Amino acid sequence: MASGPEKPLLRALAGEPLSRPPWWLMRQAGRYLPEYRAIRAKAKDFVELCLTPALAAEVTLQPVKRYLMDGAILFSDILLVPHALGQKLTFREGEGPILEPIENSSSIAGLDPSQVVPRLEPVFETIGRVAASLGPHTALIGFAGAPWTVATYMVEGGSSRDFRRVKSWAYRDAEGFDALIGILVDSTTKFLTAQIEAGAEVVQLFDTWAGVLPETAFGRWVIEPTRSIVAALKQRFPDHPIIGFPRGAGLLYERYITETGVDGIGLDTMVPAGYARERLQPLATVQGNLDPILLITGGSFLETGVRDLRRLLGDGSFVFNLGHGVLPETPPENVEALARLLAEPIATT
Ligand code: CP3
């Protein structure tokens, strides 16, 4: 392919403006789809679903079959890395993830990055299966959690309101906490390398909790680990685009892009499109950022929201997405309406 990429998502991530933005949605596979709930009921638990290639591949393809997105995101979870490092992980219905918390530098001794790729072998098999059945226009997106966000779950033992434990450890014992982040940089690099080798054409780093850190800590535990992962992947796969999603980074989005070297930047719902157009789009392909609640309500606010984003961002390099994941209450017909809106020719006035 000497003439460069053909798939719209890859073209946009290479910096090309397209008259219709390529699109995919974070959490596009999931509980809002009845066919997902049917498969989910067959698996013993959520981790088993992620690690059963036939089922995970089927679930990955479900939204793409319905809506013909330009990207198929691997069905998996960011917490499979701690699971593969040897930390016990369960998902309780309605409660989210539960991990046995890691509390200090002595409890990280048992975590072994060399086990991550062998233990996550089923994920690479899922990627191979999806790659073999995708149409010629859809790109396969692999992903991992960024070290900071994964560390929050590992230290808090699950979701958190104020991140008190993980921040206290980081501020009290920065070198000790760096050791945990270092293990995650190493594991994540190996995991994403193996995903690309298996057939992922794009990878996204989810840093869901990037926005809870003040600037100095953001530089050390969001930017620096991401920069090392990006540099390692770029050295090996210079043509594979990397999208970073530092949710909530606010005024630090700009630094994040220039210092990490990502090709695409995932914008959360709060980033103003006019700001993104002026300050971020010249630095990277922007991706986002429709409010996921608009996809629940539908109707004229959804239409206006989509048209405004296309008008403001659509004449530069742009990938349409939500500002966070699809919510379980989303009516599938609203995603259908979104697909139709995105197929309309661009209205620039
Ligand atoms: O985007 C996709 O469609 C691919 C699949 C995907 C899942 N999780 C499936 C999932 C992706 C990319 C993720 C990422 C993920 N996982 C993040 C980062 C993005 C974000 O949403 O902020 C985070 C923080 C997690 C951790 C996680 N996994 C939590 C907190 C939960 C529980 C909350 C919930 O929605 O139930 C999960 C479970 C999970 N991961 C589900 C799905 C479809 C729901 C599990 C179920 O079906 O019961």
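Quick caveat, the model's predicted, so the values are computed rather than measured. All values below were derived from every heavy atom in this structure, side-chain atoms included, with hydrogens, water molecules and symmetry-related copies excluded.
- A salt bridge links Asp263 to Lys234: one of the charged nitrogens lies within less than 4.0 Å of a carboxylate oxygen.
- Using the six-membered ring where Trp is involved, Phe245 and His324 have ring planes that are tilted, between 30° and 60° apart.
- A salt bridge is absent between Glu259 and Arg227; no separation between the charged side-chain nitrogens and carboxylate oxygens falls under 4.0 Å.
- A salt bridge links Asp178 with Arg220: at least one charged nitrogen is closer than 4.0 Å to a carboxylate oxygen.
- Counting only N and O atoms by type, the side chains of Trp23 and Tyr67 include no donor and acceptor under 3.5 Å apart.
- A donor-acceptor pair is defined here as one N or O able to donate and one able to accept, closer than 3.5 Å; no such pair exists between the side chain of Arg40 and the backbone of Leu49.
- Between Tyr153 and Trp209, the ring-plane angle classifies as tilted under the 30° and 60° cut-offs.
- Ion pairing between a basic and an acidic side chain is recognised when a charged N comes within 4.0 Å of a carboxylate O; Arg66 and Glu35 show such pairing.
- Of all non-hydrogen atoms in Pro282 and Arg277, the two that sit nearest each other are CD-O, 3.5 Å.
- Aromatic ring centres of Tyr36 and Phe75 lie closer together than 6.0 Å.
- Between Trp169 and Phe177, the ring planes lie perpendicular to each other; the angle is over 60°, past the 30° to 60° tilted range.
- The pair Arg340-Glu333 does not meet the salt-bridge criterion, since no charged nitrogen lies less than 4.0 angstrom from a carboxylate oxygen.
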